[in-house]
Protein chains: 2
Amino acid sequence: MAIQNYRWRQHEADEGHQRLQKKRVTLADVARLAGLSTTAASMILTGRPDTRLSADAHAKVHAAAASLGYRPNAAARALRTDKSRTIAFISDYVATTRFASGLIRGALAAAEEAKHVMLVLETGGEPAREIEAVEAALDRQVDGLIFAAMRAREVFVPDIAISIPVVMLNGTSGRFPVSVLPDEYQGGRDAVRLLAEAGHVADIILLGHNAEEEAGLFRSETISRRFAGIRDEMAARGLTFMAELSCWNWEPDHGYGLTRAQLQKQRPRAMLCLNDRLAFGAYQALAEAGLSIPDDVALVSFDNDELASYLRPGLTTIALPHEEMGRTAVELLLHPQGSAGATLPMPVVWRGSIRTERPGS
Amino acid sequence: MAIQNYRWRQHEADEGHQRLQKKRVTLADVARLAGLSTTAASMILTGRPDTRLSADAHAKVHAAAASLGYRPNAAARALRTDKSRTIAFISDYVATTRFASGLIRGALAAAEEAKHVMLVLETGGEPAREIEAVEAALDRQVDGLIFAAMRAREVFVPDIAISIPVVMLNGTSGRFPVSVLPDEYQGGRDAVRLLAEAGHVADIILLGHNAEEEAGLFRSETISRRFAGIRDEMAARGLTFMAELSCWNWEPDHGYGLTRAQLQKQRPRAMLCLNDRLAFGAYQALAEAGLSIPDDVALVSFDNDELASYLRPGLTTIALPHEEMGRTAVELLLHPQGSAGATLPMPVVWRGSIRTERPGS
DNA sequence: CACTCCTGCTAAAACCATTTAGCAAATGCC
DNA sequence: GGCATTTGCTAAATGGTTTTAGCAGGAGTG
């Protein structure tokens, strides 16, 4: 009797505690309030099509769910259905390049629209961390994997059995055919076209030549295609470069140094820069030499780094459509279209570094 | 009989299929191989302290788990324990400022070290999305919430019952006391000290004054403290600004315009810029006026944007320790220290925009 | 010997949702 | 009226883990 009493009190105390902690509302609570079974509640709330439950039942369940503020327990659902409404975004580097944030932002937005959430994992390109990342994601029953290559170089292929959709973002892999890439080839052609249409048919410098990269030695499909586009459009117009300035890292420093050295030999009238950071360096060297942009020297570049809008005059550049790429990767992941990936156009962003009437298109 | 046969084949086909798909190995599989109960396997693999299982049992279970490549099902574990080894990083903007990637990168690294993964959510500062984000995170049983304020302005307080640890990152909230902030006050003092120690005791311009911000009207603890530090150090040294150039958005454009206008009135010998983008604009105006840095005009700035290293000469700046902040937020989330937050020092990054012998510290 | 206390282990419940199989009543059909 | 079909709903199994409660057998104690 004493024990009974004690238990009862204990129980009461627990009840109070629960009320305080607002213990999560479960489907059973909803069903109880609606006066139906959990089966009915589940079917109604998940919007099953072929159920024969009455309109009255629907109304009661929805009302109960709303009044209790029911939210399904994702873990329980994932356990049962093997789906988690979660996707994993596994990238080599998140912060190193600023590309990352655009890709992530686009992916995040698309995921949110599809009522999914995104797990972000960084591997630094290290195989051990890649494996850990994939397994961590798989453990959590993610519905799909995005492998994002920020540096667009090596293709990572963690050798784990993966039975969910995979999309490669800004990179390719022999193992996973669907990838989202910028249309670097057309971008390359466009860059040359821009210069040519502005009247530049001679005295053009190529800044950022890199033979290994161009040969695709790093399997960087993307960059070698950028070169191919440039070469093809130059050839199609019968143009040649006055010089090709080579370097490995496309950083401002190199852009500055190479341009400066070039200016002491022969002055170009136009520069085609392989990325905005190189162009930034070129700006510095040109300013130092007292040359004005675009009148003395015109520049066209690639990426549409934030930098490009900070320069004076603004840098006309062929943009990498990062947000679109991230978004597309998620959409392709959630709604696979066979094994076809996507190649997204690189829009021309007109600023002041090249003088021309903007053509219609 | 025919049906039987069919079923049997079907079954066999299924088996083959499963073998192909490498259906996940479960704890029961491990227990079976080890010849023990799942209870024993669970206790051993989770490393329970007070269990009385034999050394032999331990060995057998570990061997079985290893040989099968067992990985626990996170959903099942989360359902049972209410812990998911997942944290949610909810921020207003991911891509708008480049700060984001540093914060995320630091947080990601710390999470990985603690064997956690990170859910990234973006709200755009919109209340409806904030609520959605918090609920999505809570639904997934995350172990903690980080609210990151990229813009360091408004403090968001989605009014939802939250019973897990919360850390504010780069922002504050009345509701959640523990926050991780840069030591802007000391940063402000340091910036002035740098100038003074380089001999600049007059003709100093403050670029980026903003009365509202300084008054803390946007509850931006951080920025108003940066101002406070600057003011206090100026006062302590008996210095005053030659002029304070005000603007709202700290973008290069404004830095350029304000500096240019200032140069037509009165030439400063030093400039204290509220961020690197403003300093960038100042560089442009100074270059245009034919002034050299640091000989004609010295600059000190804040943030250590990637930009700062691109400039020539490099920009000396008081760095925001983004990675450290992200890392600290996660550590504080996983190992709460009462209601104490963290204030992280802003390191001085010496480059060439101010001439001085580097002091010891 | 009768008793308690360890030791080494396990059965079964619990977590919460989804889903399969099926039941009872009502309806339709001839 | 007898039969099959439809309607509207539910019991119970399922997913994989953790955890509570407790069992059998051996050792120790008086």
Side-chain angles (χ1 to χ4, degrees), chain A residues 3 7 10 14 18 21 23-61 64-65 68-86 138-141 143, chain B residues 14 18 21-61 64-65 68-86 138-141 143:
Chain A
I3 286 175
R7 288 218 166 166
Q10 178 85 3
D14 276 346
Q18 285 179 10
Q21 282 211 345
K23 201 183 174 182
R24 256 190 107 91
V25 174
T26 92
L27 186 62
D29 298 330
V30 174
R32 197 173 310 121
L33 181 59
L36 289 164
S37 67
T38 60
T39 309
S42 172
M43 285 170 153
I44 287 169
L45 290 177
T46 52
R48 264 215 185 184
D50 295 341
T51 180
R52 295 180 303 242
L53 294 159
S54 66
D56 180 54
H58 279 257
K60 281 194 292 189
V61 168
L68 294 176
Y70 170 70
R71 295 199 54 107
N73 178 319
R77 183 175 276 181
L79 177 58
R80 187 66 235 262
T81 61
D82 247 51
K83 303 242 156 290
S84 58
R85 302 197 81 81
T86 302
L138 259 28
D139 288 349
R140 286 168 177 79
Q141 337 265 92
D143 299 342
Chain B
D14 276 346
Q18 285 179 11
Q21 283 211 345
K22 283 184 184 271
K23 200 181 174 183
R24 260 190 103 91
V25 359
T26 90
L27 186 61
D29 298 330
V30 173
R32 197 172 311 120
L33 180 59
L36 289 164
S37 68
T38 60
T39 309
S42 172
M43 285 170 153
I44 288 170
L45 290 177
T46 52
R48 263 215 185 185
D50 295 339
T51 179
R52 293 180 304 243
L53 294 160
S54 65
D56 181 54
H58 279 257
K60 281 193 291 188
V61 167
L68 294 175
Y70 170 69
R71 296 200 50 111
N73 177 320
R77 181 174 277 182
L79 176 59
R80 186 65 234 259
T81 62
D82 245 50
K83 303 241 157 291
S84 58
R85 300 196 83 79
T86 302
L138 258 28
D139 288 349
R140 287 169 177 78
Q141 335 266 96
D143 299 341

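The chains referred to below are lettered A, B, ... by the order of the sequence lines, with proteins before strands, and numbering in each begins at 1.
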Hey, can you pull the donor-acceptor pairs under 3.5 Å for the side chains in residues 28-39 of chain B, sequence neighbours left out?
unit_1	atom_1	unit_2	atom_2	d
B/D29	OD1	B/R32	NH1	3.1
B/D29	OD2	B/T26	N	2.9
B/S37	OG	B/T39	N	3.4
B/S37	OG	B/A40	N	3.1

Can you tell me how far [atom2] of [N] sits from [atom1] of [X], to the nearest Å?
X      : N      : atom1 : atom2 : value
A/R48  : D/dG8  : CZ    : C1'   : 14 Å
B/I44  : D/dT17 : CD1   : P     : 15 Å
B/L68  : D/dG16 : CG    : P     : 14 Å
A/D82  : C/dT18 : CG    : P     : 14 Å
A/K60  : D/dG8  : NZ    : C1'   : 11 Å
B/D29  : D/dT17 : CG    : P     : 8 Å
A/Q141 : C/dT18 : CD    : P     : 15 Å
A/R77  : D/dG16 : CZ    : P     : 18 Å

Is there a side-chain polar atom (N or O) of [X] under 4.0 Å from OP1 or OP2 of [N]?
X     : N      : answer
B/T39 : C/dC9  : no
A/Y70 : C/dC16 : no
A/R80 : D/dT14 : no

>> Checking the side chain of B/R24 only, and the main-chain atoms of B/R71 only, is there a donor and an acceptor separated by less than 3.5 Å?
In response: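 Between the backbone of B/R71 and the side chain of B/R24 there is a qualifying donor-acceptor contact (under 3.5 Å).
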
>> Quick one: does any side-chain atom of B/S84 pair with a main-chain N or O of B/Q141 as donor and acceptor, under 3.5 Å?
In response: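 Judged by distance alone, yes, a pair lies under 3.5 Å.
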
Counting heavy atoms from C-beta on, name the nucleotide in [options] closest to the side chain of [X].
X     : options                : value
A/L79 : D/dT10, C/dT10, D/dG15 : D/dG15
A/L27 : D/dT19, D/dT10, C/dA17 : C/dA17
A/S42 : C/dT18, D/dT17, D/dT20 : C/dT18
A/M43 : C/dT20, C/dC9, C/dT10  : C/dT20
A/T81 : D/dC9, D/dT19, C/dT19  : C/dT19

>> Restricting to non-hydrogen atoms, name the atom on A/N73 and the atom on A/A75 that form the minimum distance, rounded to 0.1 Å.
In response: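 The pair with the smallest heavy-atom distance is OD1-N, 2.7 Å.
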
Would you mind classifying the nucleic acid contact of [X] as base, sugar-phosphate or nothing, using non-hydrogen atoms under 4.0 angstrom?
X     : answer
A/R52 : base
A/A75 : nothing
A/T26 : sugar-phosphate

> Any side-chain heavy atom of B/R140 sitting closer than 4.5 Å to one from B/T86?
Replying inline: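 No, every pair of side-chain atoms sits at 4.5 Å or beyond.
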
> Do the non-hydrogen side-chain atoms of A/T46 and A/R77 ever get within less than 4.5 Å of each other?
Replying inline: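 Yes, side chains in contact.
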
>> Can you work out whether B/T38 or B/L53 has the more 5'-proximal nearest nucleotide on DNA chain C?
In response: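 Here B/L53 is the residue nearer the 5' end.
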
> Given that B/A76 and B/G35 both sit by DNA chain C, which one's nearest nucleotide is further toward the 5' end?
Replying inline: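 Nearer the 5' end of the strand: B/G35.
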
